[in-house]
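Heads up: the structure comes next, in structure tokens.
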Amino acid sequence: MAHTHCDVDALSTHGRATPFLPRRRMPHLKEQLNGALLAAVRLDAVAGAAAPLAADRAVFGPTKNPAHGDLATNAAMVVAKPLGKNPAEVAEKLAGQLRAHPLIESAEVAKPGFVNIRLSTKAFASILQDIVERASTYGHMTPNSAGSILLEFVSANPTGPMHIGHCRHAATGDSLCRILQAAGHKVGKEFYINDAGVQLEALGRSFRFRCFEAVGLLGPGDVQDDGEKITFQGETISYPGDYLKAFAEDFVANKCKEEIGGLTPSQFAWEARNRNLQLIVHDLAAMGVAFDNYVSEQALRDSGAVERALDALTKNGMTYEKDGALWLRTQDFGDNEDRVLRKKDGALTYMVPDIAYHLDKYQRHFDQYLNIFGADHGGYPPRLRAGIAGVGEDEKKLTVLLLRLVFLIKHGHRVKFSKRAGNFVALSDVVEEAGADATRWFMLCRSIDSEFEFDMDLATQHTSQNPVFKVQYAHARICSLTQKGLEAHILPSTDATVAAALLTAPIEREMLLYIAQFPEMIERSAKELSVHNVPAYVLGLADLWNRYWTMAKTDDSFRVINSGNRDLSQARMLLANCVRQTLANGLSLMGITAPQRMERDEEDAS
RNA sequence: GUCCCCGUAGCUCAGUUGGAUAGAGCAACUGCCUUCUAAGCAGUAGGUCAGAGGUUCGAGUCCUCUCGGGGAUGCCA
């Protein structure tokens with residue numbers, strides 16, 4: 001497992017039938033074939049006693065070479081060794097069994113012991129039929145057929161606007177939610193607001209300074225500004241960015257000096273907090289991301305949850321006193337050393353509210369808890385686990401994904417940013433410049449374990465080979481084709497079996513096999529908690545469609561409409577619609593629109 | 001020091017619990033629009049999968065070691 005997270009297996013509950021739940025749907029093609037494979041291996045004539053050894057490793061997989069058929073299995077090789085038999089012999093027996101299966105046209109043995117199969121017309125028909133019947137839910141499990149998950153992501157501090165890093169978090173979290181929902185999980189999206197403690201006090205000081213500045217309350221010697229750092233009445237202004245100036249000017253607009261001067265520090269802090277939060281919600285909305293729930297740290301503190309968590313930790317013996325401080329045994333959960341919960345001076349560390357928050361999550365009884373943190377928070381997971389276990393909950397239900405950094409590339413160079421100077425690449429700027437669709441695409445297309453360079457010059461290209469537009473274009477083309485078909489009275493075939501029998505061109509078979517893999521792709525993404533497979537998948541499908549499309553440019557016999565054969569035209573129209581549906585479903589997993597039309601800009605065309 | 005992640009084409013990165021001849025996008029070169037949208041397609045070129053051992057029918061993938069890059073290791077949050 002490549003990811004920086006733990007207990008992935010605990011999340012992979014899909015694909016395994018839960019006894020109390022009905023089977024969510026008919027098994028898809030690959031599941032049926034794998035089932036048939038295992039049944040065949042289990043026969044005494046094939047592997048018999050060795051079959052259990054094959055249960056995990058023997059599967060059908062796609063072939064890279066068309067000469068190897070539609071699908072291939074390694075089952076014979078897996079099983080031959082423990083049986084002490086020749087893989088080719090086992091493969092021959094296995095192939096003999098598989099040939100009898102209605103979804104299998106032919107089964108042949110190849111070199112070391114592969115069994116290569118070709119699918120029957122019935123199998124190809126079932127692919128088409130499945131998509132027609134399931135439409136926008138094709139590839140999905142029945143909703144809520146798998147465990148519930150509370151997914152926390154972004155949780156940006158309400159101290160300023162969101163930057164490009166949050167962008168990746170937002171896109172990843174939202175897409176992961178969609179993938180997990182498609183895999184049958186019930187998912188809650190949650191945002192934790194760090195609106196208490198020293199951070200918020202610092203925000204209040206900064207905002208108070210800007211308000212005083214805006215209303216003309218600054219006294220002589222109040223402000224020191226050496227270009228690097230601003231201090232106000234001897235205290236550092238931690239958030240010097242212009243956004244607080246704008247908030248301040250708006251806030252003081254209808255207020256007199258006395259009114260401003262009479263406000264308490266916490267009133268300033270809360271005012272700034274509210275305005276920042278509003279900005280965050282607004283920025284997220286621009287990306288199409290919305291949360292189901294926002295949890296305020298301050299509200300948790302007010303409710304007494306923090307004290308309760310601390311009490312639980314001490315009561316359960318997960319803590320000890322040393323050097324006048326209270327420590328948590330985080331080493332038991334992989335930490336290098338134990339961590340302090342209550343400092344010598346009596347103040348609690350940030351860990352306690354965080355643990356209280358997680359206790360609050362657990363009290364809402366989800367099956368799993370999933371957090372997306374920045375990779376710079378790599379120290380968190382062991383501490384959180386220790387805390388969760390310490391309050392008597394099952395820390396194995398927590399999975400933490402660590403998401404790596406994003407760098408913005410403009411004109412071929414990394415854009416430098418410094419939080420100190422208050423200049424950073426704002427999420428809103430990225431979305432405004434590249435659009436929500438392209439932004440989401442690029443934020444999703446890399447494994448979360450890789451740092452990634454967001455190339456603005458590529459993302460904003462509408463004229464060149466921008467992958468987002470390529471996929472959307474393929475979708476729009478099929479919509480356009482369907483429209484043309486309507487005008488020509490060529491409707492998608494309603495008989496999948498007839499259609500499948502006519503769709504015999506290699507590229508057509510390739511497309512059918514490809515769209516048949518969509519459900520597996522979702523399952524795999526949900527199991528691995530990864531998002532980057534989705535863009536890769538839809539791009540691959542768009543490529544296939546575009547290739548098919550262009551073939552008709554030079555060979556009329558590949559045209560969908562006017563192919564000279566009405567049944568064939570209708571069969572191809574059905575295939576086109578199934579490809580379109582799969583593209584749309586894939587884009588939907590990323591939260592990217594699937595446009596019906598794409599008009600070419602005059603500017604872009606030049 | 002310890003732990004985690006990364007190292008694959010000129011660049012950015014995929015590579016499905018170990019499978020057959022290692023892929024995509026961008027960049028480069030050559031072709032293809034009287035036709036269902038050329039925001040497209042075909043072809044060419046580009047690789048000691050960081051390195052060395054090991055495991056086996058079979059390794060980019062698993063194990064060990066080495067070398068590089070990044071992150072985590074506060075009584076900060």
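Keep in mind that the numbers below use all heavy atoms, side chains included, and drop hydrogens, waters and symmetry copies. Here is the naming used below: chain letters follow the sequence lines, and residue numbers restart at 1 for every chain.
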### Side-chain donor-acceptor pair present, A:Asp555, A:Ser557, cut-off under 3.5 Å
yes
### Message
Below the 4.0 Å mark, does B:A14 have OP1 or OP2 next to a side-chain nitrogen or oxygen of A:Ser450?
### Response
yes
### A:Trp441 side chain near B:G25 phosphate (N/O to OP1/OP2, under 4.0 Å)
no
### Task
When you get a sec, tell me which of B:G70, B:U2, B:A42 is the closest nucleotide to the side chain of A:Arg547?
B:A42
### Query
Could one point to a donor on the side chain of A:Asn116 or the base of B:A20 with an acceptor on the other under 3.5 Å away?
yes
### Sidechain N-carboxylate O distance under 4.0 Å for A:Lys93, A:Glu89
no
### Side-chain N or O of A:Ser480 closer than 4.0 Å to phosphate OP1/OP2 of B:C36
no
All N/O contacts under 3.5 Å from nucleotides 9-12 of chain B to the protein, with atom names and distances to one decimal?
from  : atom 1 : to       : atom 2 : distance (Å)
B:U12 : O2     : A:Arg446 : NH2    : 3.0

### Query
For A:His68 and B:A20, is the gap between ring centres under 5.5 Å while the planes differ by less than 30°?
yes
### Task
Flag as yes if A:Phe114 stacks onto the base of B:G19 (centroids under 5.5 Å, planes under 30°), otherwise no.
no
Which atoms of nucleotides 74-77 of chain B (N or O only) lie under 3.5 Å from a protein N or O atom, and what are those distances?
from  : atom 1 : to       : atom 2 : distance (Å)
B:G74 : OP2    : A:Glu337 : OE1    : 3.3
B:G74 : OP2    : A:Glu337 : OE2    : 2.2
B:G74 : O5'    : A:Arg339 : NH1    : 2.7
B:C75 : O2     : A:Lys344 : N      : 2.7
B:C75 : N4     : A:Asp323 : O      : 3.1
B:C76 : OP2    : A:Lys343 : NZ     : 2.8
B:A77 : O2'    : A:Gln199 : OE1    : 3.1
B:A77 : N6     : A:Tyr350 : OH     : 3.0

### Message
With a cut-off of less than 4.0 Å, is there a side-chain N or O of A:Lys64 near OP1 or OP2 of B:G15?
### Response
no
### Message
Less than 4.0 angstrom between a side-chain N/O of A:Lys470 and OP1 or OP2 of B:G40, yes or no?
### Response
no
### Message
For Watson-Crick and G-U wobble pairs within 3.5 Å on both distances, what is RNA chain B written in dot-bracket notation, | included for inter-strand pairing?
### Response
(((((((..((((.....[...)))).(((((.......))))).....(((((..]....))))))))))))....
### Task
Assign A:Ala476 to base, sugar-phosphate, or nothing according to its heavy-atom contacts below 4.0 angstrom with the strands shown.
base
